[in-house]
Amino acid sequence: MKAQPIIPIAIFILLVALFGIGLTKDPRLIPSPLIGEPLPEFELSLLHHPDDIVEKHDLIGEYMLLNVWASWCVACAEEHSLIIDLAKQKIIKIVGINYKDKSSDALRWLEEKGDPYDSTLVDFDGELGMDLGVYGVPETFLIDPKGQVLYKHVGPLTLEVIENNLLTLTRPEQ
Amino acid sequence: MMVTIRIAVLAFASLSAVSILASDYSYTFTTPQREMRYQSLMEELRCLVCQNQSLADSNAGLAQDLRKKVYDMISTGNDDDQILDFLTDRYGKFILYDPKLNYENAPLWLLPILMICIGVYVISRLAKQGERSEAVIPQSAQDDADALVKHLEERSKQL
């Protein structure tokens with residue numbers, strides 16, 4: 001019987017290709033089971049007006065970005081100037097969720113770096129964060145007018161993500 | 001009589017109230033079964049911040065929160081399935097170190113079986129080829145072998 005090297009070589013090339021594709025993917029990006037699901041219910045106080053309680057139905061009704069941030073989070077400072085630019089354009093409502101943070105620290109942080117948020121909710125014990133499956137701040141969620149989660153981005157926002165992954169989803173299909 | 005029963009109940013309660021020391025909290029369970037369930041859940045849940053650690057190993061803030069959540073859910077009488085559903089609804093199946101068979105991971109579970117089947121098929125084919133090549137021994141070699149066997153038989157009779 002003659003040896004047939006073609007088959008082992010083909011299997012080898014296939015495996016190399018498979019592992020090669022695997023290397024280009026980021027294992028830190030975990031697909032969120034929340035996409036297409038309604039935003040979880042919550043009752044949180046406002047950072048600037050701690051006596052006012054905001055619920056889910058107070059916020060929904062238009063497209064909005066939920067940006068989960070904290071003053072102790074280094075990457076949040078990284079994306080902050082982009083969020084300020086986006087807020088200046090006034091194309092989408094941006095709601096901040098101050099995650100597991102001291103309110104005094106959070107207020108100082110916003111004062112120093114600028115406050116792009118239409119409102120900021122205080123998630124002191126991380127309860128909403130857990131319902132949203134937050135595992136690494138900053139995280140940004142795109143919510144549609146019906147209150148469904150359309151997209152989730154983990155890590156600091158970039159111009160590409162804002163344009164290609166978030167804003168395109170808010171435009172009606174041509 | 002009542003007093004002895006009370007003492008017995010107290011003694012039993014203090015024996016069965018087992019506490020475990022985590023780095024962040026010291027949790028007390030009402031029954032040893034609940035503590036065992038807690039421990040095994042900690043081992044089979046992944047810490048999402050430090051992905052190669054289980055919740056039991058990790059000191060990340062999120063791991064502490066999730067440990068507390070699991071403890072609270074056990075204490076309020078949730079069973080393991082309810083706890084795992086709660087977590088996978090939020091963090092996805094990725095949080096499970098030992099995910100159940102489903103459509104997405106079926107190839108991973110079935111691949112080893114497929115590989116064994118391919119192996120058995122290849123080996124059986126090689127074995128068959130071996131049989132076939134036995135059948136095509138040249139006639140001259142067969143004759144030589146027959147002659148040798150005959151010769152040896154005669155020699156052994158003479159001895």
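Keep in mind it's a predicted model, so treat the numbers as computed, not measured. Order of the sequence lines fixes the chain letters, A, B, ..., with proteins taken first and strands second; residue numbering starts at 1 for each chain.
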Engineer: A/Met130 and B/Asp65: side chain to side chain contact (heavy atoms under 4.5 Å, CB included), yes or no, with the steps?
Structural biologist: CA-CA 9 Å; A/Met130 193 174 279; B/Asp65 290 354; 3.9 Å; yes

Engineer: With a 4.5 angstrom heavy-atom cut-off, which part of B/Lys93 approaches chain A: side chain, backbone, both or neither?
Structural biologist: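 Contact with chain A is absent: no heavy atom of B/Lys93 under 4.5 Å.
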
Engineer: Taking 4.0 angstrom as the limit, do B/Lys150 and B/Asp146 come out as a salt bridge?
Structural biologist: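 No, this pair does not count.
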
Engineer: Say you draw a straight line from CD of A/Glu79 to CG of A/Leu86; how long is it, rounded to the nearest 0.5 Å?
Structural biologist: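 A/Glu79 atom CD to A/Leu86 atom CG measures 10.5 Å (nearest 0.5 Å).
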
Engineer: So which bits of residues 55-76 of chain A come within less than 4.5 Å of chain B, counting non-hydrogen atoms only?
Structural biologist: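 So no residue qualifies.
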
Engineer: Using a 3.5 Å distance criterion without hydrogens, assess whether the side chain of B/Asn105 forms a donor-acceptor pair with backbone atoms of B/Asn102.
Structural biologist: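 Yes.
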
Engineer: Can you say whether B/Leu62 sits under 4.5 Å from chain A via the side chain, the backbone, both, or neither, judging by heavy atoms?
Structural biologist: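 Contact with chain A: side chain only.
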
Engineer: Give the ring-plane orientation class for B/Tyr27 versus B/Tyr71, where under 30° counts as parallel, over 60° as perpendicular and anything between as tilted.
Structural biologist: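 Ring orientation of B/Tyr27 relative to B/Tyr71: parallel.
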
Engineer: A/Ser103 and A/Asp105: side-chain donor and acceptor closer than 3.5 Å?
Structural biologist: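 There is no such pair between these side chains.
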
Engineer: Which atoms of B/Leu87 are under 4.5 Å from chain A, going by heavy atoms: the side chain, the backbone, both sets, or neither?
Structural biologist: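 Neither; nothing under 4.5 Å.
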
Engineer: Under a 3.5 Å distance rule, please check whether B/Arg67 uses its side chain to pair with a backbone N or O of B/Leu55 as donor and acceptor.
Structural biologist: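 Yes.
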
Engineer: Quick check on the structure: residues of residues 33-45 of chain A within a heavy-atom distance below 4.5 Å of chain B, by number.
Structural biologist: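 The stretch touches chain B at A/Pro33, A/Leu34.
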
Engineer: Output yes when B/Asp81 and B/Lys100 qualify as a salt bridge under the 4.0 Å nitrogen-oxygen rule, no when they do not.
Structural biologist: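 Salt bridge: yes.
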
Engineer: Test your reading of the model: is there a side-chain donor-acceptor pair from A/Asp123 to the backbone of A/Glu127, 3.5 Å cut-off?
Structural biologist: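 Looks like yes, one N/O pair under 3.5 Å.
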
Engineer: Could you tell me which residues in residues 106-120 of chain B have at least one non-hydrogen atom under 4.5 Å from a non-hydrogen atom of chain A, sorted by residue number?
Structural biologist: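 Checking residues 106-120 of chain B against chain A gives no residue, so none.
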
Engineer: Using a 4.5 Å cut-off on heavy atoms from C-beta on, say whether the side chain of A/Leu159 contacts that of A/Leu82.
Structural biologist: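 Answer yes - side chains close enough.
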
Engineer: Walk me through it: do A/Thr120 and A/Leu46 pass the test side chain to side chain contact (heavy atoms under 4.5 Å, CB included)?
Structural biologist: CA-CA 6 Å; A/Thr120 302; A/Leu46 287 169; over 6 Å; no

Engineer: Any donor and acceptor pair, going by atom type alone, linking the side chain of A/Asp118 with main-chain N or O of A/Val95 inside 3.5 Å?
Structural biologist: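 Not at all, since once roles are kept as given, no pair shorter than 3.5 Å links the two residues.
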
Engineer: Would you say B/Leu66 and B/Leu45 make side-chain contact, with heavy atoms under 4.5 Å?
Structural biologist: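 Not in contact.
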
Engineer: Can you check whether B/Asp79's main-chain N or O pairs, donor with acceptor, with B/Gln82's side chain at less than 3.5 Å?
Structural biologist: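 Yes; judged by distance alone, with no hydrogens or angles, the pair exists.
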
Engineer: Return yes if a side-chain donor-acceptor contact under 3.5 Å exists between B/Asp143 and B/Gln139, otherwise no.
Structural biologist: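 Yes.
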
Engineer: Spell out, yes or no, whether A/Leu166 and A/Leu169 are grouped together once hydrophobic residues are joined by side-chain heavy atoms under 4.5 Å, including indirect joins.
Structural biologist: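 Yes: a chain of side-chain contacts under 4.5 Å links A/Leu166 to A/Leu169.
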
Engineer: Looking at B/Arg90 and A/Asp131, does any basic side-chain N land under 4.0 Å from a carboxylate oxygen?
Structural biologist: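 Between A/Asp131 and B/Arg90 there is a salt bridge, with a charged N closer than 4.0 Å to a carboxylate O.
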
Engineer: Where do A/Ile83 and A/Tyr117 land on the side chain to side chain contact (heavy atoms under 4.5 Å, CB included) test, with the steps shown first?
Structural biologist: CA-CA 9 Å; A/Ile83 297 178; A/Tyr117 302 112; 4.1 Å; yes

Engineer: Non-hydrogen contacts under 4.5 angstrom with chain B: give the residues of residues 133-152 of chain A involved, or none if there are none.
Structural biologist: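 Counting heavy atoms that sit under 4.5 Å from chain B, the residues of residues 133-152 of chain A involved are A/Gly133, A/Val134, A/Tyr135.
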
